[in-house]
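Here is the structure we will look at, set down as structure tokens.
Chain letters run A, B, ... following the sequence lines, proteins first and then strands; every chain starts at 1.
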Amino acid sequence: MSSRTEQHPADLAGAYALHALDADDTATFEAHLAESERARIEAAELNDTAVALGLAVAPVQPSAAVKANLMSLLASTPQLPPLPRVAGPDPADAAASAVATTAAPTTPGVLGTPPATAKGLSADAPSAVADIRSRNGAANSRHRSAPATERAQARWFQRPAQIMLAAAAAVALFVGGTFLGQTLNTNQFASQQASGLAQINAANDSQRAATTTADGQEATLVWSNKLGISAVLVDNLPVLPSDQDYQLWYINGEGAASAGTFDSSGDSTAWRVLDGTMHAGDQVGLTVEPSGGSDQPTTDPILAFQS
Amino acid sequence: MLDLMTVDSAGDLAPPAPATKEELLARVAHGDQSAFGELYDQIAPRVLGLVKRLLVDHAQSEEVTQEIFLEIWQSAARYEPTRGGASTWILTMAHRRAVDRIRSSQAGRDRDTKIGIRDLAVAYDHVAETVEVRIEHERVEKAMTRLTQLQRQAVSLAYYGGFSHSEVADMLHIPLGTVKTRLRDGLIRLRDELGVAS
């Protein structure tokens, strides 16, 4: 009889190619792949076989919105550098084709990540934002492949597509997919913002309120009381002179607290996740302030939401 | 002779011969958005077809398809042509993502296992839209007939149903170890029948 412990890792090759393994078995099998070229060749062949099954499925045409959303996201979505050619044990590292495409972080021999570590990585969802930070830092400085850097990149790689996509879905949902990220100065800030927006959208208590400015621009507040965060999205918010900024405020019985500044390109959707913590019942206000922002609002709000 | 300079300013719309997916991916890796659009047009229906096969729900499948293409954009530089064609790279990613969605979402867990059982009929209920797909259908269908029933069931449930090997074991009432060997033996048989070799 076959008990789990008696099985040879090679037996997992089929289930691996079909993505039918859990994390533990995946790690076990990838450790096996790292040691055996024969196993890597088999894994690559079985992966190709699985793809043949996929090519036999009838195509389905996506709605036009899918492409439109994607195209609008490209400019603000960072691209990863090629995997460095770390003293590759053998160029016929064919199995990695299956692995690298999907789960780069756990590719043995390519990233130099031991399976045990890889397993740990895939479990730490809460650190997604931190991962993004470290990843962006690594990408920007373009260090050569120190293993730690690679791991950081790999960690980042594992999640951001979901985060960015969730953000994309959120923006598309609220404002019709015109996200251009024009208010965002750096990738890191953009990632934090996108992540925040995604979290709000994904929260099971996510709420929204809509209003218009005096000039008729449509504005939306989305928030999660549970997470204590919110974001404001405004269509076609006018460009400000360089000596002014838009500033957001949380307003409650204790007064107004600054929640960050931003600017607008004027012809698309400006949005920002607010700094600080939102408390249930807070009002959210938007004012025009001198560049850099003020300690307290100095003008009448052009927008006010009641959460 | 056509003067290139006379090409419409949106001249990337219609090159005389469509670029291969591999060429497009190489351009995408350098941030070429129009190449990305072209690649999307070429393969998005395949991606959505596969994802929807697993997820069933159309809206969710489109969401995952977006995720997949964003990942293609992000990681295009990591595609290595020496390791296989672009379609293989992309469809592998697509299947992985669809499975991830099933495993991570309540919607996935809520799928009635009957969906999987129904899938044993192997996805050929659709009329193939193109000759290419029809030929591929027939090839795979024929290869599938060379498997034992248990191999065929296990492979179909895992690939088209997105079920894990332990779920397959539960559904077919066979030990996990048996499922593993059936999946491997089944895929090896398919590989040989389909003439897949690297």
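Of the charged side-chain nitrogens involved, none lies within less than 4.0 Å of a carboxylate oxygen, so that B:Lys52 and B:Glu62 do not count as a salt-bridged pair. Taking the charged nitrogens against the carboxylate oxygens, A:Glu42 and B:Arg191 have no contact shorter than 4.0 Å, which rules out a salt bridge. A salt bridge is defined here as a Lys NZ or Arg NE, NH1 or NH2 lying under 4.0 Å from an Asp or Glu carboxylate O, and B:Arg96 with B:Asp100 meets this definition.
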**OP:** Would you sort out whether B:Ser34 and B:Asp32 count as a side chain to side chain donor-acceptor pair (under 3.5 Å), showing the intermediate values?
**Re:** CA-CA 6 Å; B:Ser34 73; B:Asp32 184 333; 2.9 Å; yes
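Looking at B:Asp41, only its side chain comes within 4.5 Å of chain A, counting heavy atoms on both sides. Residue contact with chain A, scored on non-hydrogen atoms closer than 4.5 Å, involves the backbone and the side chain of B:Val28 alike. Of the two parts of B:Tyr159, the backbone and the side chain both hold a non-hydrogen atom closer than 4.5 Å to a non-hydrogen atom of chain A. Contact of B:Ile43 with chain A is not made at all, since no heavy-atom distance falls under 4.5 Å. In this structure, the portions of B:Leu190 lying under 4.5 Å from any heavy atom of chain A include both its backbone and its side chain. Neither the backbone nor the side chain of B:Ala143 comes within less than 4.5 Å of any heavy atom of chain A.
Counting heavy-atom pairs under 4.5 Å between each of B:Leu187, B:Val155, B:Ile188 and chain A puts B:Leu187 at the top. Between chain B and the options A:Ala17, A:Ser63, A:Ala65, the largest number of non-hydrogen pairs under 4.5 Å is found for A:Ser63.
Using modelled atom types, one finds a donor on one side chain and an acceptor on the other under 3.5 Å when comparing A:Asp25 with B:His165. Defined by atom type and a distance below 3.5 Å, a donor-acceptor pair is present between the side-chain atoms of A:Asn47 and B:Thr92.
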